[in-house]
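Taking it in order: structure first as structure tokens, then the write-up.
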Amino acid sequence: MADSAAIFSRDDQRCQLALGGNVFVVAKVWNGEMKIHIREYEQGRGRWFPMKRGIALTLQRWLELVSNKSRIEEAMERQPGTLRCHLGGNVYAEMDSTYPGLDIRKWYWCGKENTIKPHKHPGIKLNVDQLKQLLNCFIAIPDFVSELSNVVPCYMNQDHMNQFGYFMCSECNPNGLSVWDSTHM
Ligand SMILES: [Zn+2]
């Protein structure tokens, strides 16, 4: 995996790991919060510019994605398997029978149709090769982002020890009590 440090020079960035096809995993601080971006970049005037196609994950959502590593690998082996990983809030990583890669994007609650629907923001769709590189990043990223060792999964928070706290959490249950069953598979 190429670390493309030479093409980025922003000091608020910890790493830029190439997934191929101009998609990078970039850990950087924005508004005082460390986030891990999986994003497309384009080169122009000697530097790389972030594109709209991408997603910025909080460290907790990144950890949630990493915790699904074996599920993702299993789904890749089924070629193409189906998979839905809830990363927190209305962000999901999905693989379906029509697309063997991974689609990571925001969804929103559509009350009229009583279901969640893809947000108009494109998110990022990784092909199989890019997804394999992402799995390598799961191992590499903690070397750049030491803060990850202090992050605990949301469900392990003290106020989640009873079910009510869990249900009231906008990360774990973003669309309220009534829709729990339909969005969590
Ligand atoms: Zn939670």
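We count ligands from 1, going down the list as the structure has it; atoms in each ligand are counted the same way.
A heavy-atom distance below 4.5 Å is not found between the side chains of Lys28 and Gln16.
Using a cutoff of 4.0 Å between basic side-chain nitrogens and carboxylate oxygens, Glu94 and Arg105 are not scored as salt-bridged.
In terms of heavy-atom proximity, Met34 sits nearest to Glu147 at CE-OE2, 4.2 Å.
By the rule that hydrophobic residues join a cluster once side-chain heavy atoms approach within less than 4.5 Å of another member, Leu19 and Ile139 end up as members of separate clusters.
Protein atoms of type N, O or S found under 2.8 Å from the Zn ion (ligand 1) total 4.
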Margin query: side chain to side chain contact (heavy atoms under 4.5 Å, CB included) for Leu135 and Lys69? Distances and angles first, verdict last.
Written below: CA-CA 7 Å; Leu135 296 179; Lys69 184 169 186 265; 4.2 Å; yes
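With Asn162 contributing its side chain and Phe164 its backbone, the two residues share a donor-acceptor pair below 3.5 Å.
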